[in-house]
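Report on one structure; see the data block that follows.
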Amino acid sequence: MISQALFIIILAAAIYLFSKNVGKIRRNILLGRPADRSDNPALRWKTMAKIALGQTKMVKRPVAAILHFFIYVGFIIINIEVLEILIDGVFGTHRIFSAPLGGLYNVLIGSFEVLALLVLIACIGFLSRRNIVHLKRFSGVEMTTWPKSDANYILIIEILLMTAFLTMNAADGKLQALGVGHYIHAGGFPISSFLALLLPDSANALEMIERGCWWFHIVGILAFLNYLPYSKHFHILLAFPNTYYSNLNPKGKFENMPSVTNEVKAMLDPSFTPPAAEISRFGAKDVTDLTWKNLMEAYTCTECGRCTSACPANQTGKLLSPRKIMMDTRDRITEVGKGIDAQGKDFKDDKSLLDNYISREEIWACTTCNACAEACPVNINPLEIIVELRQFIVMEESQAPASLNNMFGNVENNGAPWKYSNADRLNWAKTE
Amino acid sequence: MAELVAAGKQPEILFWVGCAGSFDERAQKITRDICKILQHVGLSYAVLGTEESCTGDPAKRSGNEFLFQMQAMANIQVLNGYNVKKIVTGCPHCFNTIKNEYPGLGGTYEVIHHTQLIQQLIDEGKLKAEGGESFKGKKITYHDPCYLGRANGVYEAPRKALEILDTELVEMKRCKSNGLCCGAGGGQMFKEPVKGTKDINIERIGDAIETHAQVVAAACPFCMTMLSDGVKYFEKEKEIQVLDIAEITARANGL
């Protein structure tokens, strides 16, 4: 009874805390400008199924794709076991699914064990890629202490959880063989039976190990759940809505700013009266000038660095790193969110995404080639943020680099980015 | 275009030359070759001449949405004025902008890039590779322009235009959706590169050199400039030619 009550308290606290933090992230995302992504739901579901569920963009890097697939499938399927643990914990039962499922239960538990082993192998593989092989993709200016530790913590936690799961099964299997108490014959233990050889033979000790691992496993999962909102690992949840709300247009199509359209129309046609719109700035200086989708993408980013490793500017030693753009955006919106928590809705500080987080040198190094957007396994588009920051610099501040200002002048006066007279436009036809 | 319309004629297609194609000496050659191909297959076409103006692409990607929309609306007025339905462009940037960004501002046309036109003409049997320079057995590699490839998913048309030549088409390690930018997009063409360890076009031409190709095929006047500069940087002008798909097609047909 006491353990049931304790379990229910821990479970309720974990769910409460998690919902509260997810609610904060949701609020932060909604601080962004509106953007309509409600069209074409059929294609949106399809995109989500293909890219998030089917992981089709992961396969470009096969080693990472396979290891990631082990962990992904492992975590989804082992959740059936977590459900059983939750029910057992609340009702004080033991392996409640074993009776109704019969023989299938043995197959299920057996397959969970195989998956757990694959998850273990994948985590070790990932840890060594980060810490022994030192893959270039996992370093860079933005990969400071926290992002590196975050990645390692996630992998270590997963290793611990899987080890606890297998050890629990090993002890359970041994107790079943000894015919102790409520340890009914249930489950197939293809992997943990090897572990059982390392365990003591005393029923008491085994029971302590079994219970210890059971508690460690489930409390660990609940703690891990509450780690997600602070971590890049939040991608396991946001990957789904983020791909659902993907930009479905060709990548080359940049949004035509409606506020500008109204002003240009009014300039060309004096009789046109633009609809009264709330005054907002052109482009983005801070995170709240970005769209909610940009902000959702920042929370979805798992910092894998595929964008940065595909970025032509980054590859040639420039300061720009698309991953940094996303991480800076997340850090800044988190900061703004904390400010709102502390000081209320009208929170203001003297910082902004541009300059305090992202420098102008980074912004002007982009070739808008879309390699970053193409590379992202969950359809994040760092380029949108870069262009929005450029729009602010150009249209609000008139602070474009001098050479670009020259180009603008040429386009405006001569209809070409170079200083040629428009009267000479047909000269190509005259010379051979 | 004005002359044709004055004479009461409507051409089948409008050839949008683009700024580079109009003013850049190297790109002018490509423009002339596109015209030769159009004449060769007997397609009636027109150009806007002095009525054409920058699409606004470099302004938009550099953050100057005002200038972009001013350019776009002026161009749309001209295009709609001539009742243009179909456009072929000599530049992937013009192609992308007119195709994707003009409809929202009132300009909806069927827009194709010249490599797509060449592919269509080949598929229809109107264009072959005969009567001109033989590219047989030559190694050719194709550089995907970002605004044709990733931006609009056009990967096959330019390759089709090369396959007909009976050449050895080799791919660079970074190609198609993984293709590396030449370094010119997003307004970079018109400014000094930001400080780094290397210029992007030098990195890219390295990929081309690795393939041992004799010809680097391009499909964008800006890529043309960047890739040619890259070849010059390595002093490989004798070994490697950078040619637009239109030039290759024109040569192969003796135009």
Side-chain angles (χ1 to χ4, degrees), chain A residues 60 249-254 256-257 260-261 263-265 267-268 282-283 310 312-313 315-320 361 364-371 373-374 387 389-395 400-401 403-404 406-408 411-412 415-418 420 422-429 431-432, chain B residues 17 19 21-24 28 31-32 35 47 49-50 52-54 56 58-73 96 100-101 104-105 146-147 150-153 177-181 183-200 202-204:
Chain A
K60 268 200 178 170
N249 293 318
K251 287 195 179 67
K253 181 177 178 176
F254 291 18
N256 293 330
M257 293 167 69
V260 171
T261 310
E263 297 220 9
V264 171
K265 272 187 183 160
M267 276 170 78
L268 296 175
F282 293 119
Q315 287 179 62
T316 53
K318 277 89 177 170
L319 218 50
L320 174 64
E361 187 178 337
W364 291 116
C366 174
T367 69
T368 70
C369 77
N370 260 308
E374 176 72 36
V387 172
L389 293 170
R390 281 185 176 186
Q391 286 168 346
F392 175 79
I393 298 172
V394 171
M395 290 192 284
S403 45
L404 285 183
N406 282 339
M407 182 266 283
F408 296 151
V411 171
E412 205 173 333
W418 299 286
Y420 291 111
N422 204 46
D424 294 337
R425 225 175 225 282
L426 213 51
N427 283 3
W428 58 267
T431 44
E432 178 65 33
Chain B
V17 180
C19 298
S22 300
F23 296 117
D24 180 273
Q28 286 179 339
T31 304
R32 287 193 288 269
C35 290
V47 296
T50 53
E52 191 183 289
S53 190
C54 173
K60 187 175 179 83
R61 321 276 146 208
S62 305
N64 197 336
E65 181 75 10
F66 262 113
L67 183 53
F68 160 71
Q69 292 203 13
M70 293 286 287
Q71 289 298 115
M73 288 199 199
N96 175 70
N100 292 321
E101 290 160 358
L105 299 169
C146 304
Y147 278 83
R150 269 190 298 272
N152 288 291
S177 64
N178 292 330
L180 184 73
C181 175
Q188 299 296 336
M189 184 74 194
F190 309 102
K191 60 191 270 291
E192 286 305 309
V194 170
K195 198 169 86 301
T197 50
K198 208 184 202 184
D199 283 345
I200 295 171
I202 308 300
E203 172 82 7
R204 183 49 166 170

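Letters A, B, ... are given to chains in the order of the sequence lines, protein chains preceding strands, and every chain is numbered from 1. Bear in mind the structure is a predicted one, so any value in this text is a computation, not a measurement.
- Chosen from A:Asn370, A:Leu268, A:Leu320, the residue pairing most often with chain B at heavy-atom distances under 4.5 Å is A:Asn370.
- For B:Glu65, the parts sitting under 4.5 Å from any heavy atom of chain A are the backbone and the side chain alike.
- Between chain B and the residues A:Met407, A:Glu412, A:Gln315, the most heavy-atom pairs under 4.5 angstrom are made by A:Met407.
- Listed options B:Cys54, B:Pro58, B:Gly104, B:Gly179 were ranked by heavy-atom pairs under 4.5 angstrom with chain A; first place goes to B:Cys54.
- Each of A:Asn249, A:Val387, A:Thr261 has some count of heavy-atom pairs under 4.5 Å with chain B, and the biggest count is that of A:Thr261.
- Checking side-chain atoms of A:Thr316 against main-chain N and O of B:Thr197 turns up no donor-acceptor pair under 3.5 Å.
- For B:Asn96 (side chain) and A:Gly252 (main-chain N/O), a donor-acceptor pair under 3.5 Å exists by modelled atom type.
- For the pair B:Ser62/A:Phe408, a side-chain contact is recorded, criterion being any heavy-atom separation below 4.5 Å from C-beta on.
- For B:Glu52 against A:Asn422, the heavy-atom pair with the smallest separation is O-OD1, 3.6 Å.
- Checking side-chain atoms of B:Gln71 against main-chain N and O of A:Gly415 turns up no donor-acceptor pair under 3.5 Å.
- Your options are B:Met189, B:Met70, B:Arg204, and the one with the most heavy-atom pairs under 4.5 Å with chain A is B:Met70.
- Of all heavy-atom pairs between B:Asn152 and A:Pro250, the closest is OD1-CB, 3.7 Å.
- Between B:Cys19 and A:Arg425 the shortest heavy-atom distance is SG-NH2, 3.2 Å.
- With chain B as partner, the option from A:Ala423, A:Ala313, A:Pro417, A:Pro401 having the largest number of non-hydrogen pairs under 4.5 angstrom is A:Pro417.
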* **Evaluation steps, side-chain contact (heavy atoms from CB on, under 4.5 Å), between A:Ser403 and B:Glu192** => CA-CA 8 Å; A:Ser403 45; B:Glu192 286 305 309; 5.8 Å; no
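- Ring centroid separation for the pair A:Phe282 and B:Phe66 comes in under the 6.0 Å cut-off.
- Results of the side chain to side chain donor-acceptor pair (under 3.5 Å) test with A:Asn256 over B:Lys60, B:Glu101, B:Gln69 single out B:Lys60 as the only residue that passes.
- Minimum heavy-atom separation, B:Phe23 to A:Ala416: CE1-CB, 3.6 Å.
- Put simply, of B:Ser22, B:Gly196, B:Cys146, the one with the most heavy-atom pairs under 4.5 Å next to chain A is B:Ser22.
- Heavy atoms only, all atoms of each residue included: A:Cys369 and B:Cys181 are closest at CB-CB, 3.6 Å.
- Remark: B:Thr31 OG1 to A:Asn427 CG distance equals 12.0 Å, nearest 0.5 Å.
- A donor-acceptor distance shorter than 3.5 angstrom exists from the side chain of A:Arg390 to the backbone of B:Arg61, with no hydrogens or angles considered.
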* When you look at A:Asn406 and B:Lys191, which way does the side-chain hydrogen bond (donor to acceptor under 3.5 Å, both in side chains) test go after all the steps? -> CA-CA 9 Å; A:Asn406 282 339; B:Lys191 60 191 270 291; over 6 Å; no
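- Interface remark: of the candidates A:Lys318, A:Lys60, A:Gln391, A:Lys251, A:Lys318 forms the most heavy-atom pairs closer than 4.5 Å to chain B.
- Interface residue A:Trp364: backbone and side-chain heavy atoms are both found under 4.5 Å from chain B.
- Contact count against chain B (heavy-atom pairs under 4.5 Å) is highest for A:Val260 among A:Val260, A:Leu319, A:Leu389.
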* To do: Under the side-chain contact (heavy atoms from CB on, under 4.5 Å) rule, what do B:Phe190 and A:Val411 come out as? Steps first, then yes or no, please.
  => CA-CA 12 Å; B:Phe190 309 102; A:Val411 171; over 6 Å; no
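- Heavy-atom pairs under 4.5 Å with chain A were tallied for B:Gly183, B:Ser177, B:Gly187; the largest tally goes to B:Ser177.
- Within the 4.5 angstrom heavy-atom criterion, no atom of A:Ala400 approaches chain B.
- Of all non-hydrogen atoms in A:Thr368 and B:Gly185, the two that sit nearest each other are OG1-C, 4.1 Å.
- Among the candidates B:Leu67, B:Leu180, B:Asn64, B:Leu105, the residue making the largest number of heavy-atom pairs closer than 4.5 Å to chain A is B:Asn64.
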